[in-house]
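Working notes, structure below.
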Amino acid sequence: MMDEEETKPLRYLLRQFLSPEECKELEFIHKSNSTIGYRSNVFSTTLSHLIATHSPHFLLPFVEELFGCQFQLCIEFTGLIRGIKIIISWCRGGSIEWHSDDNRPYLKQRHFTAVCYLNSYGKDFKGGLFHFQDGEPTTVVPMAGDVSIYTADDRNIHSVDEIIEGERLTLALWFTRNGDHDEDAKLISLLSNDMFHSSINVPKPFPGSDNMYWFSGDAMSDQKSGFDIRWARIIMLGFDIYSSQEKSSSLDLMEPLQLARESELYELKFVNSLHALQVI
Ligand SMILES: O=C(O)CCC(=O)C(=O)O
Ligand SMILES: [Fe+2]
């Protein structure tokens, strides 16, 4: 006899799950805060980016909406825990080849994916259709407010066509059954600290995946050939980084550091680069 798991559908399409206003608000947050993303032609906003870009006030609507949205999604899939969430904008030339979402050893905790479309095919962008390799539906046409949900394993190999014109905007959510990857729990403990009072006493921001901060064209996994967005931001704001570990060949941006401008070294000691970015 088949067990219950095997008889469950592997995919769902929820129509008009987010309202046009919710889509617009998430778009606004993204436009104000996004940074170069984790692959070519992509910009992204994660909750840790909102912290790093000194925009904690944007966290609240983001978190409230996402929590509400995820709460409803969790009713569909009991037992799932909220993992990483990210707003992604795909610019012209962006696409993604056939893959499953758990296709790396460090992504194995992903069990379900939910992609909420924040804008619409044909109206806001051309290209960018979503396809499943096998089964029905074969193609999902992104429309603002709709959510496509599927298992993150190789039963749902999928791809996204190249964006030909405009910008395709999504909110991607990954769910897990592994409590160690409960990102909401981490975030709630972070928010319950005093982070809304902007001062030097802001707590140490919890780091996103270190991969998130690297940009290097093709070889994104080869950190040596890329540049680090945290570092670039500090330099663009006119500061140099001083760290007692600076003598070593690579500087760990999650370690304590101080800032300098021209020949002046500031006394403030930051717990890491994200902490410094919250304050400067
Ligand atoms: O944006 C989409 O429709 C899917 C994106 C995707 O496949 C991914 O980020 O893994
Ligand atoms: Fe995917």
Side-chain angles (χ1 to χ4, degrees), residues 10-18 22-23 26-27 30 34-47 49 66 69-70 73 77 80 82-176 181 183 208-209 211-212 214-215 220-221:
L10 298 177
R11 318 175 171 156
Y12 293 81
L13 186 62
L14 307 180
R15 300 261 184 219
Q16 301 298 296
F17 185 75
L18 292 182
E22 285 168 329
C23 293
L26 290 170
E27 179 179 1
H30 180 69
S34 61
T35 186
I36 291 169
Y38 57 100
R39 48 191 303 132
S40 307
N41 304 308
V42 157
F43 288 81
S44 60
T45 305
T46 66
L47 299 187
H49 284 132
L66 294 192
C69 155
Q70 291 178 50
L73 289 176
F77 306 107
L80 287 183
R82 290 80 76 115
I84 296 289
K85 32 211 153 302
I86 177 169
I87 306 180
I88 308 173
S89 58
W90 302 64
C91 307
R92 196 154 64 90
S95 69
I96 184 163
E97 296 295 320
W98 295 118
H99 68 283
S100 66
D101 283 355
D102 69 351
N103 66 354
R104 297 269 188 287
Y106 61 87
L107 299 177
K108 285 293 170 205
Q109 78 281 0
R110 290 181 173 179
H111 293 125
F112 272 91
T113 305
V115 180
C116 311
Y117 296 107
L118 301 181
N119 66 5
S120 299
Y121 170 85
K123 177 168 163 270
D124 303 299
F125 59 90
K126 294 197 177 126
L129 291 174
F130 175 100
H131 305 286
F132 286 113
Q133 197 169 46
D134 306 301
E136 293 295 326
T138 47
T139 298
V140 176
V141 179
M143 296 305 279
D146 292 357
V147 185
S148 175
I149 302 170
Y150 42 93
T151 62
D153 55 22
D154 58 11
R155 293 173 296 175
N156 275 314
I157 306 275
H158 57 277
S159 67
V160 176
D161 290 347
E162 184 176 327
I163 315 305
I164 307 296
E165 205 181 293
E167 199 172 348
R168 177 186 191 269
L169 202 64
T170 60
L171 164 65
L173 308 153
W174 283 282
F175 295 86
T176 179
H181 295 277
E183 294 298 325
S209 149
N211 270 344
M212 293 304 306
W214 280 94
F215 177 69
M220 77 152 242
S221 57

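When a ligand or atom number is given, it counts from 1 through the structure's own listing order.
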Output for pair (Asp101 CG, Ile96 CD1), nearest 0.5 Å, gives 7.0 Å
Do His99 and His158 have side-chain N/O donor and acceptor atoms under 3.5 Å apart? yes
So which of the N, O or S atoms of Asp101 lies nearest the Fe ion (ligand 2)? OD1
Could you tell me which atoms of ligand 1, counted from 1 in the order shown, lie closer than 4.0 angstrom to a heavy atom of Thr170? 1 (O)
Close-contact set for ligand 1 against Arg168 heavy atoms, below 4.0 Å: 1 (O), 2 (C), 3 (O)
For the residue pair Asn156 and Thr151, confirm or rule out a side-chain donor-acceptor distance under 3.5 Å. yes
How long is the span from the OG atom in Ser120 to the CG atom in Asp146, to the nearest 0.5 Å? 8.0 Å
For the ring pair Phe130 and Tyr117, is the centre-to-centre distance below 6.0 Å? no
Sub-4.0 Å atoms of ligand 1 with respect to non-hydrogen atoms of Trp90: 1 (O), 5 (C)
Can you list the atoms of ligand 1 that are under 4.0 Å from a heavy atom of Val160? 2 (C), 3 (O), 4 (C)
Straight-line distance of Glu22 CD to Phe17 CZ, nearest 0.5 Å: 8.5 Å
Only heavy atoms of Tyr117, strictly under 4.0 Å: list the atoms of ligand 1 that pass. 3 (O)
Would you mind telling me if ligand 1 is within reach of the side chain of Asp101, the backbone, both or neither, using heavy atoms under 4.0 Å? side chain
The Fe ion (ligand 2) -> His158, closest N, O or S atom is NE2
